[in-house]
Amino acid sequence: MAQVFNHQEVEAKWRDIWNEHPVNVNDGKKPKYYCLDMFPYPSGSGLHVGHWRGYVISDVWSRYKMMNGSHYVIHPMGWDAFGLPAENYAIKMGIHPSVSTKENVDNIREQIKQIGAVYDWDMEVNTTDPAFYKWTQWIFVKMFKKGLAYQKEMPINWCPSCKTGLANEEVVNGKCERCGAEVTKKNLNQWMLKITAYADRLLEDLDKLDWPEKVKKMQTEWIGRSYGAEVNFPIDGMDETITVYTTRPDTLYGATFMVLAPEHPLALKLATDETRAAVEAYIAESANKSNVDRVQNKEKTGVFTGSYAINPLSGEKTPVWLSDYVLSDYGTGAIMCVPAHDDRDFAFAKKFGLPIVQVIAKDGKEIPDMQEAYTEAEGIVINSGEWNGLESSSLKMEAPSMIEKKGFGKKTTNYKLRDWVFSRQRYWGEPIPIVHCEKCGPVPVPEDQLPLLLPDVESYQPTGTGESPLAAMTDWVNTTCPCCGAPAKRETNTMPQWAGSSWYFLRYVDNHNDKELVNREIADKYLPVDMYIGGVEHAVLHLLYSRFYTKFLYDIGVVDFDEPFKKLFNQGMINGKNGIKMSKSKGNVVSPDDLVRDYGCDSLRMYELFVGPPEQDAEWDDRGIDGVYRFISRFWTMVLDNAEKDVAVTPELLKLRNQMVHDITTRLDGFSLNTVISGFMEYNNKMVELTRAGGVDKETLKTAVKLLAPFAPHVSEELWQRLGGTDSVFHEKWPEADKEAMKDDEKEVAVQINGKVKDRLMLPVDIDRDEAVARAKELLGDRLQGTVVKEIYVPGRIVNIVVKG
RNA sequence: GCAGGAAUGGCGGAAUGGCAGACGCGACAGACUCAAAAUCUGUUAUCCGUGAGGGUGUGUGGGUUCAAGUCCCAUUUCCUGCACCA
């Protein structure tokens, strides 16, 4: 009599054995496979079932890779532990963020261990560890020395609730990505990283990545490269020129007015005595508008400067206006307006009664009374002097060089991507390793003096003034210049949370090295990441920053590759009832702890996958876990019942075994993990049936256990052992399907008349077409009426007789 | 506004153009039990019919095809991303 399945016993036993004898060992000969999770932020609320899902997916994949191809799998875990939540919690509770962070890390590490994953805890990293952030600072110093880190005083995105500056990427719909507060502008002297210097490479190298198209597209749009021309418009009666950027130089003759951003340096200068008051008022009004007002209120506003610019091609005088629909930090902050062929210019022209001149014919014609802009670059050029008659789409391509030749402009490329605002006015982050000296300017802390430790402060309370809490630490701030020795002050801003996460994946493989970020030989051997698994919410933030860092480290010779993550998989989110995101405040967080206790880790692992396609969001429902628990129990009983019987293999069993291997492997390779689980259930149902009929042979049982191992590792190890295995099941080779043995001799074929199923028929798979049709007709008999016009036979599937009358 | 994606039983979901609803949850019935739980067996898209059987069905309307959840056109709703980038 087989033993009753007891998940607690089995799982406890194998946890101990694996601790003693890890299954994923590096013998130095096996090929490596680096399977990485996006490392978690150790928050105080711990893990919920949604976090589990990603970790289960990556563990299943890691274990599969161990068996299939016998890889040594690099599967590490670490902590992205600097940042605001820890700091805010510390302020609230009056404890140091390093204390609460350590507690949270210890707590979540235990929770992660419940997953039963093959994480190599010797590789663990923590971004707040000085031995780690030494290298985060070192990268900054290297960037500074290459001119990629620079200071700039400019109006930046400011979150009034987090009391810190934000990068463009951290502003979502005009709101703070983290807390949702409306972002305002603040003039601050900031450290910037010149990510724009890498714009072309970041864009073009997307081609070599095996990433979801969606993410590549988001990055492409975020970088936002466009081709066009800069054109110079002299100001009538003034020794000034307005340079505009346009992607549509083919419409240059249609430019009937100009618009400058209110922040444009010439804005006030162009005002005349009559317009000065209105211009000043408009500039002041725009300065006070929040991002959200500017973006969401699309009703055009503007003011005429009183000056005119001269169209360099037509010689026409065009009025110059100010309007906040022109962005000061894109292109030149000034545009030529072609209302006939641009929606926004059209709206502006209509509102302020400015002329509209059509320069591209639509369907070969001029539109008599334009009601909306014609924005396609398709058509013959009209009203454009010597350009008349040209095809506008080809003129669009040629115009930039024509303009360049004529000497009033040049060909240009523009990007939506902006440099990265890198300083934060908060405490819990890496100090920026710079010393400000009156004589030498900003001087990096010498590399051999890194890490520059984050000092303890009395208050981490954000000041809100644009100064970091570190500024109050005069002992720490006052230092000497590493260059000339004169008294100097330390930079008091810290780095954003993204700094450590931009390169942590390089450190796992050599995490104790205090001489180098990563040893080059080790890096060459184990990097880059082969598979990266995490949520899609980092599509542009973390994933763009990491690519930038990696390219920089490649350029300075630290690593030999310029893309960090070869393949990316975004798992869907798990939500609470009615698709509501799980959160502590909503009270709908489902903790894995109780489920692990009641059903076992293996059941929860399988259920996490069974809830739906891994890339799709899913609504959590506890009840479904019963289904996988029942499956595991039944599988357990089935295997042990048969194990005692010593059943001889039959062609039928051989077929089942090979079909199972083929089905499971195909689905697993296609990352269709939910149907892998249903596949196991189906094959188990068949084997349970066969157990009653005569039994299942040992080799088939062993094969099933091997296939199940990545999904339910504890149960599989136990069953493997009971089937006579002496070593871990994970040291077995992944089974291969014998294509011949899995073939059916006969298949059930549907017999249709005019596409409607009338009956079914067992037919040999190699039957002749005519014979199959004849057998079908014979079966149909009287039911077949009228004239047969067509006979279709799809082997193994269908016979369709098409009749008429 | 623009760009992507999605829409299938009571629920989660499955279907290389070839028998829609695999697998699971739930529900119902039965077995076991003093009883319940657990377990096991069976039924479970829907309408008509006692039955055999027949009709209808993958958001909506059209089309291609012997055959459409799947391809094409139009349309609605929902989700995601971007949002004055000239």
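Each chain gets a letter, A, B and so on, in the order its sequence line appears, and its residues count up from 1.
- Relative orientation of the Tyr599(A) and Tyr629(A) rings is perpendicular, given thresholds of 30° and 60° on the angle between their planes.
- By the side chain to side chain contact (heavy atoms under 4.5 Å, CB included) test, Glu689(A) is found to be paired with Arg692(A), residues two or more places apart in sequence or in another chain being considered.
- Separation of the P atoms belonging to A68(B) and G61(B) is 16 Å when rounded to the nearest angstrom.
- Legend: residues meeting salt bridge (charged side-chain N to carboxylate O under 4.0 Å, His left out) with Lys581(A), ordered by chain and number and at least two apart, are absent.
- Of the candidate nucleotides G18(B), A3(B), A86(B), A3(B) has the atom nearest to the side chain of Glu221(A).
- If you check every strand for non-hydrogen atoms under 4.0 Å, Val794(A) touches a base.
- Comparing C40(B) with A45(B), their C1' atoms sit 27 Å apart, to the nearest whole Å.
- At a threshold of 4.0 angstrom between heavy atoms, the contacts of Lys756(A) are confined to the sugar-phosphate backbone, with no base atom among them.
- Judged as a salt bridge (Lys or Arg N to Asp or Glu O under 4.0 Å), not a single pair has a partner in residues 669-679 of chain A (not counting sequence neighbours).
- The C1' atoms of G81(B) and C47(B) are separated by 43 Å, rounded to the nearest whole Å.
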Annotated structure of RNA chain B as dot-bracket, pair cut-off 3.5 Å, Watson-Crick or G-U only, | for inter-strand, is (((((((..(((.....[....)))((((((.......))))))((((....))))..(((((..]....))))))))))))....
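- The aromatic rings of His538(A) and His542(A) sit perpendicular to each other, their planes meeting at more than 60°, with 30° as the lower class boundary.
- Counting any heavy atom pair closer than 4.0 Å across all strands shown, Asp343(A) reaches no nucleic acid atom.
- Between the C1' atoms of G54(B) and G5(B), the separation comes to 39 Å (whole Å).
- When the salt bridge (charged side-chain N to carboxylate O under 4.0 Å, His left out) test is applied to Arg53(A), no partner is found at least two apart in sequence or on another chain.
- Paired with Ile403(A) under the rule side chain to side chain contact (heavy atoms under 4.5 Å, CB included), one option of Thr246(A), Asn232(A), Leu313(A), Leu252(A) passes, and it is Leu252(A).
- Qualifying ring pair (Phe, Tyr, Trp, His ring centres under 6.0 Å) partners for Trp52(A), counting only residues two or more places apart in sequence or in other chains: none.
- As rounded to the nearest Å, C82(B) and A27(B) have P atoms that lie 42 Å from one another.
- Only the C1' atoms considered, G10(B) is 13 Å distant from C28(B), to the nearest whole Å.
- With sequence neighbours left out, the salt bridge (charged side-chain N to carboxylate O under 4.0 Å, His left out) criterion links Arg634(A) to no other residue.
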Might you list the N or O atoms of the protein lying below 3.5 Å from N or O atoms in nucleotides 5-13 of chain B, with each pair's distance?
| unit_1 | atom_1 | unit_2 | atom_2 | d |
| --- | --- | --- | --- | --- |
| G12(B) | O2' | Val611(A) | O | 2.7 |

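- For the side chain to side chain donor-acceptor pair (under 3.5 Å) condition, the pairs that include at least one residue of residues 789-798 of chain A, sequence neighbours left out, are Lys777(A)-Glu791(A).
- Considering only residues two or more places apart in sequence or on other chains, Tyr415(A) meets the ring pair (Phe, Tyr, Trp, His ring centres under 6.0 Å) condition with none of them.
- Between Lys217(A) and Gly627(A), the residue anchored nearer the 5' end of RNA chain B, judged by the nucleotide with its closest heavy atom, is Lys217(A).
- Of the P atoms belonging to U60(B) and U76(B), the separation is 15 Å, rounded to the nearest Å.
- Contacts of Ser226(A) with the nucleic acid, taken as non-hydrogen atoms under 4.0 Å apart, involve only primed sugar atoms and P, OP1 or OP2.
- Contacts of Lys214(A) with the nucleic acid, taken as non-hydrogen atoms under 4.0 Å apart, involve only primed sugar atoms and P, OP1 or OP2.
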Nucleotide N/O of nucleotides 38-40 of chain B paired with protein N/O under 3.5 Å:
| unit_1 | atom_1 | unit_2 | atom_2 | d |
| --- | --- | --- | --- | --- |
| C40(B) | OP1 | Arg634(A) | NH1 | 3.1 |

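- With sequence neighbours left out, Lys747(A) forms a salt bridge (charged side-chain N to carboxylate O under 4.0 Å, His left out) with no residue at all.
- When the nucleotides A86(B), G26(B), G18(B) are ranked by their closest atom to the side chain of Ile792(A), G18(B) comes out on top.
- Between A86(B), C66(B), C82(B), one nucleotide has an atom nearer to the side chain of Trp222(A) than all others, and that is C82(B).
- Below 30°, between 30° and 60°, or above 60°: for Trp321(A) and Phe352(A) the angle between ring planes is between 30° and 60°, a tilted geometry.
- Map Leu417(A) and Val540(A) each onto its nearest nucleotide of RNA chain B; the residue landing nearer the 5' end is Val540(A).
- Going from the C1' atom of G1(B) to that of A83(B) covers 8 Å, rounded to whole Å.
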